[in-house]
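Computed from a predicted model, the values in this text were never measured in an experiment.
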Amino acid sequence: MESSPVCEPKLVLVFSGKRKSGKDYVTDLIQQRLSRDICVILRLSGPLKDQYAQEHSLDLDQLLGPGPYKEHYRKDMILWGETRRQQDPGFFCRLAIQGAKQPVWVISDARRMSDVNWFRSKFPRQTRCVRVQSSEATRAKRGWRFTAGVDDAESECGLDSNIVYDWTITNEPDAPSLDLQLQPILDVAKEASLSLISDITDC
Ligand SMILES: Nc1ncnc2c1ncn2[C@@H]1O[C@H](COP(=O)(O)OP(=O)(O)OP(=O)(O)O)[C@@H](O)[C@H]1O
Ligand SMILES: C[C@@](O)(CCOP(=O)(O)O)CC(=O)O
């Protein structure tokens, strides 16, 4: 399958981070600061969960939410998704970007080098990588418990090393405020979304 997006983005922010590091929280904040007209959040796990829920008659809303429901199915969802990715590493990336029209794309949940490589190869000039980092103690307060087969597997560790991040956000109560840490990213996003001179295809 090879489908191209309707519009080329001006900036693609690819976020990764461990479970309960706050990827959704941080990327939601970015969207709030930029507005929904400028920034869209795209989840690679969105089409995965959608298809998995249908095949297993599960509650999609709960799989998409932050609660314990999805944790019950996580290990099996990972294996299910990996089978698809082995056949086609860009499978969920392509589905996730379908119909995205905003100039700034925030990919909230990259987990594997193949995800990063896919965006880097499709959008080499626009792609930037961002890591969200939290201590295990903070993640535990948000509901994280170590799970063998999940926290020691590629889904959680695939982007721990061998990647240079453009920005790292420390999502801890005693860290500088998220607004302060996100300012350089927001500045780049605002500049990219406003840029009139562009050598890429506009909508
Ligand atoms: N800075 C913060 N202040 C307050 N609550 C936070 C903060 N960061 C994260 N949380 C809360 O912690 C929980 C986990 O955060 P979130 O869902 O964003 O993590 P995640 O990295 O997307 O996790 P997962 O990979 O499991 O989806 C959520 O309930 C979220 O509201
Ligand atoms: C199955 C999986 O997509 C679940 C992701 O869920 P979440 O981003 O933690 O809400 C993880 C994976 O693809 O390895």
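- Cluster membership for F15 and L64, using ILVMFWY side-chain heavy atoms within less than 4.5 angstrom, is not shared.
- Between E82 and R112, at least one side-chain N (NZ, or NE/NH1/NH2) sits under 4.0 Å from a carboxylate O, which counts as a salt bridge.
- For the atom pair CD1 of I107 and CG of L44, the computed distance is 6.0 Å after rounding to the nearest 0.5 Å.
- Across all their heavy atoms, A189 and V104 have their closest contact at O-CG2, 3.9 Å.
- To the nearest 0.5 angstrom, I41 atom CD1 is 4.0 Å from Q31 atom CD.
- Within the 4.5 Å cutoff, side-chain heavy atoms of D115 are placed close to those of C93.
- Side-chain atoms of S114 do not come within 3.5 Å of backbone N or O of P89 as any donor-acceptor pair.
- Taking the six-membered ring for Trp, F123 and W105 have ring centres closer than 6.0 Å.
- Across all non-hydrogen atoms, the minimal contact from I38 to S193 is CG2-CB, 3.8 Å.
- Considering only heavy atoms from C-beta on, R128 comes within 4.5 Å of L13 through its side chain.
- Checking side-chain atoms of S121 against main-chain N and O of W118 turns up a donor-acceptor pair under 3.5 Å.
- For the atom pair CG (D179) and CG (L29), the distance works out to 5.5 Å, reported to the nearest 0.5 Å.
- Remark: the backbone N or O of G67 is not paired with any side-chain donor or acceptor of Q62 at under 3.5 angstrom.
- The hydrophobic cluster containing W144 does not contain V132, counting ILVMFWY residues as joined when their side-chain heavy atoms lie under 4.5 angstrom apart, directly or transitively.
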- Please step through side-chain contact (heavy atoms from CB on, under 4.5 Å) for the pair I78 and R111, ending with a clear verdict. CA-CA 11 Å; I78 290 172; R111 296 177 172 277; over 6 Å; no
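- Taken from CD in E172 to CZ in R139, the straight-line distance is 10.5 Å, to the nearest 0.5 Å.
- Looking at D109, its side chain does come within 3.5 Å of a backbone N or O of S45 through a donor-acceptor pair.
- Side-chain atoms of F91 and P47, non-hydrogen and from C-beta on, never get closer than 4.5 Å to each other.
- In this structure, T27 and S108 approach most closely via the heavy-atom pair OG1-CB, 3.7 Å.
- Shown here is E191, whose CD atom has no more than 12 heavy atoms of other residues, nucleotides or ligands within 6.0 Å.
- The side-chain heavy atoms of I169 and I185, taken from C-beta on, include a pair separated by under 4.5 Å.
- In this structure a side-chain-to-backbone donor-acceptor pair under 3.5 Å is missing from K190 to L34.
- Checking side-chain atoms of K20 against main-chain N and O of G143 turns up no donor-acceptor pair under 3.5 Å.
- In this structure, V26 and Q181 have side chains that are not in contact, with every pair of non-hydrogen atoms separated by 4.5 Å or more.
- If you check the side chains of Q133 and T168, you find no donor sitting under 3.5 Å from an acceptor.
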- Start with the C-alpha distance between V130 and D166, add both sets of side-chain angles, then the distance that settles side-chain contact (heavy atoms from CB on, under 4.5 Å), and finish with yes or no. CA-CA 6 Å; V130 190; D166 294 279; 5.7 Å; no
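- We find the CZ-CH2 distance between R85 and W80 to be 10.0 Å, quoted to the nearest 0.5 Å.
- Shortest non-hydrogen contact noted between S21 and N171 is O-ND2, 2.8 Å.
- With salt bridges taken as basic N to acidic carboxylate O contacts below 4.0 Å, one links D160 and R131.
- Between I163 and C129 the shortest heavy-atom distance is CD1-SG, 4.1 Å.
- Counting only N and O atoms by type, the side chains of R142 and S134 include a donor and acceptor under 3.5 Å apart.
- Within a 6.0 Å sphere centred on CG of N162, other residues, nucleotides and ligands contribute 12 heavy atoms or fewer.
- Within a 6.0 Å sphere centred on NE2 of H56, heavy atoms belonging to other residues, nucleotides or ligands number more than 12.
- At a cut-off of 3.5 Å, with distance as the only test, a side-chain donor of Q54 or D50 sits close to an acceptor on the other residue.
- Shortest non-hydrogen contact noted between E156 and R19 is OE1-N, 2.8 Å.
- For the atom pair CG (L42) and CD (Q98), the distance works out to 11.0 Å, reported to the nearest 0.5 Å.
- Judged purely by atom type and a 3.5 angstrom limit, K75 uses its side chain to pair as donor or acceptor with the backbone of A148.
- A salt bridge does not link R145 to E71: none of the charged side-chain nitrogens sits closer than 4.0 Å to a carboxylate oxygen.
- Cluster membership check: L178 shares its hydrophobic cluster with W167, using side-chain heavy-atom separations under 4.5 Å among Ile, Leu, Val, Met, Phe, Trp and Tyr.
- Remark: side-chain polar atoms of K49 are paired, donor with acceptor, to backbone N or O of L63 under 3.5 angstrom.
- Side-chain contact, Q32 with D28: no donor N or O sits under 3.5 Å from an acceptor N or O.
- Residues satisfying the ring-ring contact (aromatic ring centres under 6.0 Å, His included) criterion with Y69, sequence neighbours excluded, are Y73.
- Looking at R120 and V14, their side chains never come closer than 4.5 Å, going by heavy atoms from C-beta outward.
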